Structures are given as C-alpha cells and as structure tokens.
Undergrad: 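Have a look at this one before I ask anything.
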Amino acid sequence: MPVGKIAGQPVWQHRTPRARLALWAGWLGLVALFVYCWQVMTETTIWAFVHDAPAQAVDIGSRMLPPRWGYIEKLLLPLWDTLNMATLGTLLGVILAVPVAFLAARNTTPSVMLLRPIALFIIVSSRSINSLIWALLLVAIIGPGLLAGIVAIGLRSIGFIGKLLYEAIEEIDVSQVEAVTATGASRGQIMDYAIVPQILPAFCGITVFRWDINIRESAILGLVGAGGLGLQLQASLNVLAWPQVTMIFLVILGTVVVSEWVSAKVRQAIT
Amino acid sequence: MTSAANTASLPRRHWKRPPLLIKSPLLRWIIYGGALVYLVLAVGTVEVNWSRVYEGLERGWRFIQGFLVPDFTSRWRDISVGLVESLTMTVTSTVVGILISVPIGIGAARNLAPAWIYLVCRAIIAVSRSFQEVIIAILLVAMFGFGPFAGFLTLSFATIGFLSKLLAEDIEDIDETQAEAIRATGAGWWQLVNYAIQPQVMPRLIGLSLYRLDINFRESAVIGIVGAGGIGATLNTSIDRYEYDSAGAIMLIIIGIVMVSEYSSSHIRKWVQ
Amino acid sequence: MLRLVSLTKTYKTGDRALSEVSFEVPAGQVVGLIGPSGAGKSTLIRCVNRLVEPTGGQIFLGDTEITGLARGELRVLRRRIGMIFQEYALVERLTVMENVLSGRLGYVPFWRSFMRRFPEADVATAFALLERVGLSDHADKRADALSGGQRQRVGIARALEQNPELLLVDEPTASLDPKTSRQIMRLIKEICEERNLAAIINIHDVVLAQGFTDRIIGLRAGRVVFDGAPSRLDDSVLTEIYGEEDWAQMRRAEQEDEEDARAEMRRREMMAEAR
C-alpha cells in the first residue's frame with residue numbers, strides 16, 4: 001500500500017493517485033460504452049410496444065394457463081426423438097472430438113506447427129456456432145429431420161468435448177508417461193497404459209455433462225425443422241395454441257431436470 | 001477372481017483385469033445389452049431420406065466453398081446492421097446482467113443470507129437456468145415485439161442464472177478464516193462483504209463476467225432466429241436464400257469475434273490475478 | 001556391461017547438464033550417483049535409456065551402442081533397462097497387476113497389451129515378483145490405493161518384470177520416510193545381488209548411498225568429481241561435491257533421525273502388543 005505525504009505527514013492511501021485515476025477512467029469508459037451501446041441498440045425500438053408489454057404479458061399468461069394436459073400424448077414420440085437426437089449426437093460428437101483433442105493437446109500432437117492450429121481452429125469454430133445455427137444450416141443442406149439434428153448436435157459437441165479433453169490431456173502426469181516409455185512401449189501402448197487411464201474419468205465426466213446440455217439443446221432444434229419437441233413447439237406457436245406451448249415447456253422442463261439429475265449422479269459416481 | 005490365499009503355494013499363470021465399474025457380471029451384461037438395444041432402437045428412429053441427402057451433398061459442397069471463399073461485400077449492409085445489434089445487445093445485457101446477478105448471487109450464498117432470502121434467490125436462479133435462451137426469447141418477443149430489445153432482455157435474464165449461481169458457489173467456497181477474522185474486528189454485514197468476501201471472489205467474478213460476455217455474443221447470434229434481433233436474423237435470411245457465401249462470411253465473423261474475445265479475456269484474467 | 005564415453009548433454013536453452021562424463025559399470029555392481037540438485041544426475045540416467053537425447057559422446061550396453069539407435073531398435077533396447085522412479089510414477093488408475101505387467105509392453109504386440117492378455121509366463125513372473133516384494137495380496141488393488149513404500153515396491157516389480165540387465169533408479173527414496181527408505185534401498189540391493197544386476201542409483205542422501213552401494217560416483221555441475229568405494233567418501237570429498245558444509249554435523253543429525261525412527265518403531269510394537 002502506498003504511503004503519501006500531505007503537509008509533511010505520512011498518509012496511508014488505498015491506491016496511488018495514478019492508479020486511482022486509471023480506475024476512475026476505466027469505470028467512466030465502461031459507463032460511456034454502456035450508454036452508447038444502449039442508445040444504438042434502442043434506436044429502432046418501438047417504445048409503445050415496450051410500454052404495452054406488461055399488458056401483453058398478462059394476456060399471454062392468461063392464455064397459456066391452464067396447460068392442455070391431454071396434449072402430452074402427442075408429445076411422447078417427439079420426446080423420444082429429442083432424447084435420441086441428444087444421445088446419438090453426443091456419440092457422434094465424442095467420436096469426432098477425441099482425435100481432435102489428441103491433435104490439439106501440446107503433449108500428444110504429432111505436429112505443433114500445422115496440425116495443432118488446425119485442431120484448435122476446429123474446436124473454436126465448433127464452439128462459436130450454436131447448435132441451432134448448425135441445425136439451420138444442415139436442414140437447408142440435407143433436409144429436415146432427425147439426421148440434421150444429430151449432426152448439428154455432434155458438430156457443436158466437438159468443440160466442447162474437444163476443448164475440455166485436450167486441457168485434461170495437457171494436465172496429465174508426465175512421469176507416468178515417462179515410466180511406461182522406459183519399458184520400451186510403443187506409441188499405441190503408451191497411449192493405452194499411460195495416457196488413457198489418466199484422462200478416462202475426465203472424459204466420462206465431460207461426455208455426460210455434454211449429454212445433459214445436448215438434451216436442452218435438442219429440445220429446441222425442431223424450431224428450425226430438425227425434429228423432436230421443437231417441431232411441436234413451432235407448430236403450436238404458429239397457430240398461437242398457447243396452452244399447448246405451456247405443456248411443451250413443462251415437458252422440456254421435466255426432461256431438463258431429470259437429465260441434470262442423472263448427469264450429476266453419474267459424474268459423482270465416476271470421480 | 002480366485003482368492004489370494006492359494007498364491008503362496010502354486011505360481012498363478014492367469015490373470016484377468018477386475019471389472020472397472022460394475023462388479024456383478026449379470027448386472028454388467030444387462031447394462032451392456034440394454035445399451036445395445038437402446039442404440040439399435042434409437043438408430044431405427046432416424047428416418048433418412050437418402051435421395052434428399054444426396055441432393056444435399058451438392059449444397060453442402062457449395063456451403064463449404066462459401067465458407068472458404070466468403071462473400072463479405074454483397075450483403076454488407078445487412079451484416080453490419082446485424083453485427084451492431086448483436087454487439088450492443090451483448091454489452092448492455094452483460095452489464096445489466098452483472099448488476100442484477102451480484103445481489104442475487106450474494107443472496108443465494110448460504111453463508112451470507114438468511115434462509116428466506118436464500119430460497120427466493122435460489123428460485124430465481126433455478127427459473128433462469130432451466131429454460132433455454134431461445135425459449136425465453138420466444139416469450140419475450142411475443143411480449144415486447146421483434147427487435148434487439150427483446151434480445152437484450154433475454155440475454156440479461158440468462159446472464160442472471162449463470163452468474164448468480166457461480167458467484168453464490170464461489171462465495172460459499174471462500175476461506176472462512178478470513179471472514180472470521182473480519183467478523184472478529186466487529187465489522188458489520190456490509191463491511192464483511194466489502195473486506196472479506198469481495199477481495200476473495202472479485203478476480204473470479206471478473207473472469208466469469210468476461211466468459212459470460214463471450215457466451216452472450218454467441219447466443220445473440222441464435223436468438224435472432226426467433227426474431228430477437230442481431231446477427232442471427234441476418235444469418236437466417238441468408239441461409240433461407242441459399243446465399244451460402246454470405247452465410248459463410250457471417251459465421252467466420254462470429255468465429256473471429258469469439259476467438260478475439262477469448263484471447264483478450266484470457267489476458268485480462270491473467271492481469272487481474 | 002554399461003560404458004559411458006565422454007557423454008555430453010547441452011539443453012536447447014544452452015545449459016550444459018553433462019560434460020564429458022565417462023565411466024564403466026560391470027555386471028552386478030550397484031553404483032550410487034550423488035551430487036547437489038542440478039548436478040545432472042537425473043539427466044545422466046535418462047540419457048542411458050534416451051528418455052533424454054544426449055548431444056555428444058557414446059553409451060554402450062554390452063555391445064550395443066545406445067546412442068544412435070533408431071526408434072524401433074531403441075524400444076528393443078529399453079526392454080533391457082529397467083527404471084525405477086522418484087514418486088514411483090505408477091499409472092495410478094491402473095491396478096497393481098497392470099502396472100507390473102506394463103513392464104512387458106516392450107515384448108508383447110499391441111493387441112495383447114490392449115486386451116490385457118499377457119502370455120502365461122509373463123503373468124507367472126509378475127505374481128512371483130509381487131510375492132518377492134511382499135505385495136501378493138494387492139494385485140487387484142488400484143495403484144493409488146497403496147502407501148508410498150508399497151507403491152515403490154510395485155515400481156521395483158515393474159522394472160524387474162522387464163527382466164532387465166541394468167537398473168536405472170532415480171531418487172527412489174525421495175518421498176519416503178527414513179525407515180521405508182532404508183527398506184526400499186535394502187530391497188534394491190538384495191535384488192541386484194540375487195540377479196547379478198547392475199544398477200545406477202541416483203540419490204541425494206549420502207548416508208543411504210554409502211550404506212547400500214558398492215561404488216559412489218560424485219557429480220558436480222555435470223562433471224565426475226569423485227569415483228570410488230563408499231568408504232573413501234570423507235568430508236573433503238563431500239566438500240568437493242557439495243561445497244562447504246559441516247558434514248560431521250549432518251551425520252550426527254542422520255544418526256539421531258535413525259534413533260528416533262527406531263524409538264518410534266519400538267513404541268508402535270508396544271502399542272500393537274497392548275492391543
């Protein structure tokens with residue numbers, strides 16, 4: 001802590017004058033940025049709608065309740081589709097992500113100069129693009145249906161699993177690898193005996209975690225035509241059948257809660 | 001496995017790795033079998049129209065070309081409007097989200113808040129976390145009309161669930177001795193938060209906020225699809241029009257911005273700690 | 001048996017870890033390698049099985065020149081050299097048996113090691129070795145369930161499973177208590193005698209080195225500054241290796257440690273009896 005002098009007396013100050021100035025300037029900059037962004041963003045906003053929103057909310061709320069309970073019969077098959085989309089998509093993602101992770105980890109990549117940057121780019125691309133956008137694209141390319149959803153989930157999962165897995169690979173204990181190498185083991189054997197056992201728990205945890213997230217995501221992919229609950233949601237929204245929408249929301253909520261519980265239990269069991 | 005008792009007398013020549021997770025062989029086979037059956041059933045539900053997929057290959061190839069040779073110029077007006085909406089939406093919603101999350105996060109920390117506040121705050125977090133941004137956006141667009149304002153509200157709402165939860169967990173994990181030392185000086189509740197809690201959680205709060213900024217930007221590209229403004233709307237339009245080179249350009253811009261923000265946020269985090 | 005000819009290692013950073021190190025180890029001899037931290041002990045033994053690539057000089061194991069072997073040949077050579085590590089370096093999430101059997105990795109094809117179907121003879125050896133190091137009841141435990149001393153025994157069994165001609169031992173007692181340290185050193189010494197194995201033991205504890213080796217080599221800043229019988233290791237030699245320090249006092253402290261350890265053992269025995 002700096003000690004300044006005022007009128008010859010030492011005075012304790014929390015920060016130096018320069019640091020204080022920088023801090024204030026920083027805050028001021030942040031506030032200015034916020035105000036500016038706010039103005040740009042709200043330029044096109046029609047405030048009448050915003051003022052009207054509470055009334056709208058009450059209106060929609062009253063139409064949403066009560067949920068149409070009987071509709072659940074029609075939701076069971078889409079729910080099954082949604083679960084399959086999430087699970088198969090996760091499997092696809094895992095299959096694609098594992099090699100990418102090994103290429104991206106500094107200690108296992110065969111080439112630091114070429115393959116590693118490519119692998120890292122694949123990871124960041126997959127992470128940047130939400131599965132809904134992947135689905136939008138894939139529906140346009142290969143047509144609507146579960147396949148587009150599965151591939152979309154898979155493509156999005158590469159980045160997530162790949163990133164966490166390659167970080168886990170980079171954190172492994174080098175001495176265990178060294179010890180197995182010293183026995184005369186081949187590359188494959190080193191992988192099997194020294195690297196895989198060390199990352200296996202992390203790998204399982206990451207996969208289950210991603211599966212949990214994928215259940216949430218696959219529930220809405222149908223909005224763009226990739227099948228599952230989202231498809232029903234889209235259909236209900238189109239005809240403004242709010243009680244059905246509520247029912248779909250409840251089903252999604254239930255699924256999310258259950259999958260989160262399962263994933264938490266499994267992760268607990270592994271570690 | 002044979003028991004270890006007979007090892008001393010006869011040299012054992014066989015060894016099998018003990019099962020990793022499930023000890024009972026019956027249960028193990030039931031689980032493996034169940035997984036296999038599920039897989040077959042699940043794959044069976046996927047109806048693929050192969051001729052449609054085959055047709056799509058050509059389109060897929062065009063998309064890859066569009067990705068490799070993106071077209072930034074011909075739709076630049078739309079792209080720039082969408083981008084500005086997305087970026088401003090991201091900044092405002094993150095700031096507002098943080099401002100609301102901090103009190104809720106403190107309220108949701110068991111070691112700081114009284115029981116009823118704790119329960120209220122946890123309930124808010126649970127509601128915010130259990131719904132996808134897109135679902136929230138659908139509702140908010142219905143209430144507030146199309147445009148970035150609904151998107152801003154959506155992202156702020158989602159930020160609250162994310163940040164408050166992690167902040168609360170952080171506060172619950174703090175080093176209790178430091179809080180005790182400050183309490184022992186006779187400090188009040190506000191002083192406790194200011195002197196014992198804030199220094200411990202601040203670096204991580206900044207890190208999380210930056211991470212959320214990143215997520216909000218990525219999400220802002222999605223909620224446009226349901227009408228909440230931003231680059232997602234532009235992307236949606238260009239894919240609908242089969243303008244893959246413009247779509248490729250937009251996706252590359254998103255990837256680029258995410259990369260830049262990840263890179264700079266890792267630097268800021270290092271600098272903060 | 002093992003011959004080093006002016007072995008030199010310069011790291012990419014420009015640090016010279018070893019300069020012109022030459023010596024020869026006959027079969028059955030246990031050599032203690034001592035020296036201060038950073039003297040190049042660890043680098044030296046890692047150069048022998050080329051976990052670290054030497055930058056100059058030659059190493060011979062029997063008639064084979066280790067320096068200059070191609071990748072495949074290096075694997076075959078590494079099977080002939082067992083290595084025991086500081087902090088054990090067991091693969092913690094594998095069972096004890098898998099760790100011991102991993103000593104055969106250089107001998108078996110990938111599918112066998114992947115399916116954990118090792119030849120019967122290898123399994124039999126592994127069981128015999130576990131019994132030799134006193135761990136026959138622990139074969140199916142995971143390595144991280146064992147105590148430090150037990151883990152180091154597994155490490156020894158893994159090295160012996162290779163049926164090596166030479167043992168490289170890197171600070172085997174670094175993370176063990178004094179009593180267990182002595183037990184481990186005794187075990188290594190006995191095993192080398194039983195099998196007429198040569199060993200290079202890299203160790204920072206001078207007293208242990210004197211007690212359990214046939215010959216001491218002292219390294220300082222990458223050069224051999226002493227090479228002779230343990231009994232010739234006197235204060236002036238130690239000063240040359242480690243620099244100025246009150247050696248007499250260190251020995252005394254060591255003795256006290258041992259006495260403490262013995263007292264502790266007696267106390268434990270008494271308590272066990274009382275129960």
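This is a predicted model, so every value here is computed, not measured. The chains referred to below are lettered A, B, ... by the order of the sequence lines, with proteins before strands, and numbering in each begins at 1.
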Undergrad: Does a side-chain heavy-atom distance below 4.5 Å link A:N130 with B:R218?
TA: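 Heavy-atom side-chain distance check fails, nothing below 4.5 Å.
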
Undergrad: Using heavy-atom distances under 4.5 Å, tell me whether B:V43 contacts chain A through its side chain, its backbone, both, or neither.
TA: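 It is both, since atoms from each part get that close.
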
Undergrad: Side chain, backbone, both or neither: which part of B:E47 has a heavy atom under 4.5 Å from chain A?
TA: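 For B:E47, no heavy atom lies under 4.5 Å from chain A.
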
Undergrad: Non-hydrogen atoms of chain A under 4.5 Å away: do they reach the side chain of B:Y54, the backbone, both or neither?
TA: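 Contact with chain A involves no heavy atom of B:Y54 at all.
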
Undergrad: With a 4.5 angstrom heavy-atom cut-off, could you sort out which part of A:L138 is near chain B: side chain, backbone, both or neither?
TA: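 Neither the backbone nor the side chain of A:L138 comes within 4.5 Å of chain B.
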
Undergrad: Measuring heavy-atom distances to chain B, does A:E217 have an atom under 4.5 Å in its side chain, in its backbone, in both, or in neither?
TA: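 Both parts, heavy atoms under 4.5 Å.
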
Undergrad: Using non-hydrogen atoms only, which part of A:T42 is less than 4.5 Å away from chain B: side chain, backbone, both, or neither?
TA: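 Only the side chain of A:T42 comes within 4.5 Å of chain B.
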
Undergrad: Is it true that a side-chain atom of A:R216 and a backbone atom of B:Q132 form a donor plus acceptor pair closer than 3.5 Å?
TA: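 The answer is no, because no donor-acceptor pair under 3.5 Å joins these two groups.
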
Undergrad: Counting only non-hydrogen atoms closer than 4.5 Å, does B:F131 touch chain A with its backbone (N, CA, C, O), its side chain (CB onward), both, or neither?
TA: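 Side chain only.
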
Undergrad: Quick check on A:V35 against chain B: is it the side chain, the backbone, both or neither that has a heavy atom closer than 4.5 Å?
TA: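 Answer is neither: A:V35 stays 4.5 Å or more from chain B.
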
Undergrad: Looking at B:E262, B:M89, B:E85, B:R62, which makes the most heavy-atom pairs under 4.5 Å with chain A?
TA: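 Top option by heavy-atom pairs under 4.5 Å: B:E262.
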
Undergrad: Quick check: are there more than 12 heavy atoms from other residues, nucleotides or ligands sitting under 6.0 Å from CZ of A:F34?
TA: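 Yes - once you tally the heavy atoms of other residues, nucleotides and ligands closer than 6.0 Å, there are more than 12.
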
Undergrad: For chain A, which of B:L235, B:V258, B:I255, B:I254 has the most heavy-atom pairs under 4.5 Å?
TA: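 Top count of heavy-atom pairs under 4.5 Å with chain A: B:I255.
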
Undergrad: Measuring heavy-atom distances to chain B, does A:L233 have an atom under 4.5 Å in its side chain, in its backbone, in both, or in neither?
TA: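 It is the side chain, since no backbone atom gets that close.
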
Undergrad: Out of B:I225, B:L57, B:I135, B:V95, which one racks up the most heavy-atom pairs below 4.5 Å with chain A?
TA: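 Among the listed options, the one with the most contacts to chain A is B:I135.
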
Undergrad: Hey, what do you get for CZ (A:F249) to CG (B:L139), rounding to the nearest 0.5 Å?
TA: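 Those atoms lie 4.5 Å apart.
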
Undergrad: Go through B:V222, B:V96, B:V91 and name the one with the most non-hydrogen pairs under 4.5 angstrom from chain A.
TA: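 Top option by heavy-atom pairs under 4.5 Å: B:V222.
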
Undergrad: So which part of B:E58 gets closer than 4.5 Å to some heavy atom of chain A, the side chain, the backbone, both or neither?
TA: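 No part of it gets close to chain A.
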
Undergrad: Answer with side chain, backbone, both or neither: which region of B:N236 has an atom nearer than 4.5 Å to a non-hydrogen atom of chain A?
TA: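 Answer is both: backbone and side chain atoms of B:N236 are under 4.5 Å from chain A.
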
Undergrad: Measure distances from B:F217 to the heavy atoms of chain A and classify the residue's part below 4.5 Å as side chain, backbone, both or neither.
TA: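 When you check distances to chain A, no heavy atom of B:F217 falls under 4.5 Å.
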
Undergrad: Say you draw a straight line from CD1 of A:I141 to CZ of B:R52; how long is it, rounded to the nearest 0.5 Å?
TA: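 Rounded to the nearest 0.5 Å, the CD1-CZ separation comes out at 9.5 Å.
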
Undergrad: Any side-chain heavy atom of B:Y263 within less than 4.5 Å of one from A:V124?
TA: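 They are not in side-chain contact.
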
Undergrad: Are the aromatic rings of A:W134 and B:F63 close, with centres under 6.0 Å apart?
TA: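 No, the ring centres sit 6.0 Å or more apart.
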
Undergrad: Less than 4.5 Å to any heavy atom of chain B: does that hold for the side chain of A:L137, its backbone, both, or neither?
TA: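 Contact with chain B: backbone and side chain both.
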
Undergrad: Drop me the distance from B:I239's CD1 to A:I133's CD1, to the nearest 0.5 angstrom.
TA: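 Here the rounded value is 7.5 Å.
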
Undergrad: Among B:V84, B:N49, B:I138, which residue has the highest count of heavy-atom pairs closer than 4.5 Å to chain A?
TA: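 Counting heavy-atom pairs under 4.5 Å, the top option is B:I138.
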
Undergrad: Is there a side-chain contact between B:V226 and A:L237 in this structure, where contact means two heavy atoms from C-beta onward sitting under 4.5 Å apart?
TA: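 Side-chain contact under 4.5 Å: no.
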
